[in-house]
> 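Starting off with a structure, shown below.
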Amino acid sequence: MQTLRQLRRSRHLTFVDLALLTGIPARTIAEAEYGLRHLSRSEAETLALVLGLSTPTPLPSLSRHQAQSAVMPWALMTGLAAVLSVAPLMNELLPDLQRNLYTPVIARAGDWLVTRPLPAPPPMTPTSTETISEIVTESSIVFPLSAEEALAPLIAPAPRLPHLERKHNVPFYLDENGPHGCPVQPTAGQVVMTQGYGVGSHTPVQVWGAIDLAVDGDGDGFAEPGSSWYTPVVATHPGKVKVTLNSYPAGNHVWVVAPDGTWRTGYSHLAVVTVIDGQQVQAGEVIGFMGDTGVTSGPHLDYQVWHGDTNIDPTPLVGCGLS
């Protein structure tokens, strides 16, 4: 059985794409994908339809006017999902297509689907000019209705896994130079540095020294919000967690303090925090998901390393495939 993550990625959809198509918040979809919550049946049915999992089941036929009104939202969602499935190929051939066509269309369609209620089928009563025979023969609409097996991977997300398979070649270990390993572990794409140590908002380094990391999903060397949102963030060394939510300017922030108290690492702007204050974590354990809480220009991870009261440049420690 495919998981929600496999279904989404096989159709080349980001969390934001799927949220626009279904009207379900991207955060809700991400939490369901990583096993942090269960979807309601209506949410699962909508996702199943957009992802092409619905099994057609015949319902009583409607008149042509009634059928058009009832089937329009579902046809629109299915059509958009089909267009998005070929988007990666088209983007390679026509680089400006996504900016000029896909993004505006998805946004408008998403707004329409969210704000327009689905019409309930009217009572099947013939009018004075319409006989029951005419209703049946004029239109034989098949309305998509999800089967139990189609909804199973959406209603019951994969169990939450505290550790991720390491994507990069730098192992997690702590030595006299500091904690080694990449704190960002995307399921697809490449980690890129969007702001270096001692640059811009990371000055003075004695206070704000850090690096910003995000995800490049299309290989052009630049981070994209759709690829960065809800990317797993992991602890780079074992230690005790200190959580601060909705802080300024770091937003949702996590400290991981090494057992001897000498080293600590900071993880800022998280969309979701998956650990609690005082929890003990191991190197490679998921502590949250990338976001843009606090003061940011887009989703990314602000990563800090401290040795006692001294701020350390994390650049040579993280690896992450950075060139």
Side-chain angles (χ1 to χ4, degrees), residues 15 26-27 30-31 34 36 160 162-164 172 174 178-186 191-215 223 225 228-315 317-318 320:
F15 290 116
R27 174 170 178 164
E31 289 177 347
Y34 288 103
L36 301 177
R160 176 183 171 189
H163 293 79
L164 294 179
F172 295 110
L174 181 62
H180 296 256
C182 186
V184 177
Q185 295 290 316
V191 179
V192 293
M193 187 183 301
T194 58
Q195 186 170 236
Y197 185 78
V199 178
S201 62
H202 295 161
T203 58
V205 296
Q206 295 84 355
V207 179
W208 304 112
I211 59 174
D212 289 344
L213 302 173
V215 180
S228 301
W229 273 108
Y230 303 108
T231 297
V233 174
V234 304
T236 54
H237 61 92
K240 186 177 181 179
V241 167
K242 180 174 177 56
V243 177
T244 306
L245 302 179
N246 301 317
S247 67
Y248 178 88
N252 295 332
H253 181 271
V254 173
W255 286 113
V256 177
V257 182
D260 63 1
T262 303
W263 292 95
R264 60 189 168 101
T265 48
Y267 310 79
S268 301
H269 309 306
L270 301 174
V272 180
V273 175
T274 60
V275 290
I276 60 174
D277 209 41
Q279 180 177 336
Q280 295 288 338
V281 296
Q282 300 300 315
E285 184 169 348
V286 177
I287 59 174
F289 298 106
M290 187 181 294
D292 67 350
T293 57
V295 180
T296 73
S297 58
H300 71 278
L301 173 69
D302 177 287
Y303 178 62
Q304 298 184 17
V305 176
W306 292 79
H307 185 242
D309 294 328
T310 303
N311 188 278
I312 304 296
D313 182 1
T315 306
L317 301 171
V318 294
C320 295

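Predicted model only: the values in this text are computed from it and were never measured.
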> Apply side-chain contact (heavy atoms from CB on, under 4.5 Å) to the pair Ile287 and Val234, showing each step before the final yes or no.
CA-CA 5 Å; Ile287 59 174; Val234 304; 5.9 Å; no
> Does one side chain, of Thr262 or His307, offer a donor that lies under 3.5 Å from an acceptor on the other?
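Result is no, nothing qualifies.
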> On a heavy-atom basis, which atom in Gly288 and which in Thr274 lie closest, and how many Å separate them?
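Looking at all heavy atoms of both residues, the closest pair is N-OG1, 3.3 Å.
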> Any side-chain heavy-atom pair from Trp229 and Val215 closer than 4.5 angstrom?
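Heavy-atom side-chain distance check fails, nothing below 4.5 Å.
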> Measure the spacing between NE2 of His237 and OG1 of Thr265 and express it to the nearest 0.5 Å.
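Here the rounded value is 3.0 Å.
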> Contact between Thr194 and Leu213 at the side-chain level, heavy atoms closer than 4.5 Å - yes or no?
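With C-beta onward as the side chain, the pair stays apart.
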> Which heavy atom of Gly196 sits nearest to which heavy atom of Ile211, and what is that distance?
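Residues Gly196 and Ile211, closest heavy atoms: C-CG2, 4.2 Å.
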> Do Thr293 side-chain atoms and Asn252 backbone N/O form a donor-acceptor pair below 3.5 Å?
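Checked: pair present.
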> Please name the pair of heavy atoms, one in Pro299 and one in Ser228, separated by the smallest distance, quoted to 0.1 Å.
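Smallest interatomic distance, heavy atoms only, reads O-CB, 3.8 Å.
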> With side-chain contact (heavy atoms from CB on, under 4.5 Å) as the criterion, how do Val281 and Val275 come out once you've worked through the C-alpha distance, each side chain's angles and the decisive distance to 0.1 Å?
CA-CA 9 Å; Val281 296; Val275 290; 4.0 Å; yes
> Do Asn311 and Val305 make a side-chain contact, defined as non-hydrogen atoms from C-beta onward lying under 4.5 Å apart?
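No, their side chains stay 4.5 Å or more apart.
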> Give the intermediate values and the outcome of side-chain contact (heavy atoms from CB on, under 4.5 Å) for residues Arg264 and Val256.
CA-CA 5 Å; Arg264 60 189 168 101; Val256 177; over 6 Å; no
> Going by heavy atoms in the side chains, are Val233 and Val286 under 4.5 Å from each other?
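Sidechains of Val286 and Val233: no contact.
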> Can you list the steps and then say if Val243 with Ile276 is a side-chain contact (heavy atoms from CB on, under 4.5 Å)?
CA-CA 6 Å; Val243 177; Ile276 60 174; 5.8 Å; no
> What distance do Thr315 atom OG1 and Met193 atom CE have between them, rounded to the nearest 0.5 Å?
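Interatomic distance, Thr315 OG1 to Met193 CE, rounded to 0.5 Å: 4.0 Å.
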> Between Arg27 and Tyr230, is there a side-chain heavy-atom distance shorter than 4.5 Å?
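Yes, side chains in contact.
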> Do Gln279 and Lys242 have side-chain heavy atoms sitting under 4.5 Å apart?
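Not touching, per the 4.5 Å side-chain cut-off.
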> So Tyr267 and Tyr303, would you call those rings parallel, tilted or perpendicular, with 30° and 60° as cut-offs?
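Rings of Tyr267 and Tyr303: tilted, 30 to 60°.
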> Using 0.5 Å steps for rounding, measure from the CG atom of Leu301 to the OG1 atom of Thr231.
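Nearest 0.5 Å value for the CG-OG1 distance: 10.0 Å.
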> Could you tell me if Asp212 and Tyr197 have a donor-acceptor pair between their side chains, going purely by distance under 3.5 Å?
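There is no such pair (donor and acceptor under 3.5 Å, judged by atom type) between the side chains of Tyr197 and Asp212.
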> Indicate the atoms forming the closest heavy-atom contact of Val191 with Cys182, along with that distance.
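Distance-wise, the nearest heavy atoms are CG2-SG, 4.2 Å.
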> Are Gln195 and Ser201 side-chain neighbours, meaning at least one heavy-atom pair lies under 4.5 Å?
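Heavy-atom side-chain distance check passes, below 4.5 Å.
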> If I compare all heavy atoms of Leu317 with all of Gly178, which pair ends up nearest, and what's the gap?
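Of all heavy-atom pairs spanning Leu317 and Gly178, the closest is CD1-CA, 4.3 Å.
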> Rounded to the nearest 0.5 Å, how far apart are CG of Asp277 and OG1 of Thr244?
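So the CG of Asp277 and the OG1 of Thr244 are separated by 7.0 Å.
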> Could you state the interatomic distance from CG (Leu174) to CH2 (Trp263), rounded to the nearest 0.5 Å?
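The distance works out to 7.0 Å.
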> Does the side chain of Trp255 come within less than 4.5 Å of Lys240's, by heavy atoms?
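A side-chain contact under 4.5 Å is absent here.
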> Nearest 0.5 Å please: distance from the CD1 atom of Ile312 over to the OG1 atom of Thr310.
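So the CD1 of Ile312 and the OG1 of Thr310 are separated by 6.0 Å.
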> Let me know which of His253, His202, His269 forms a side-chain hydrogen bond (donor to acceptor under 3.5 Å, both in side chains) with Asp302.
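Result: among His253, His202, His269, His202 is the only option passing the side-chain hydrogen bond (donor to acceptor under 3.5 Å, both in side chains) with Asp302.
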> What is the minimum heavy-atom distance between Pro183 and Val318, and which atoms define it?
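It is CD-CG1, 4.0 Å.
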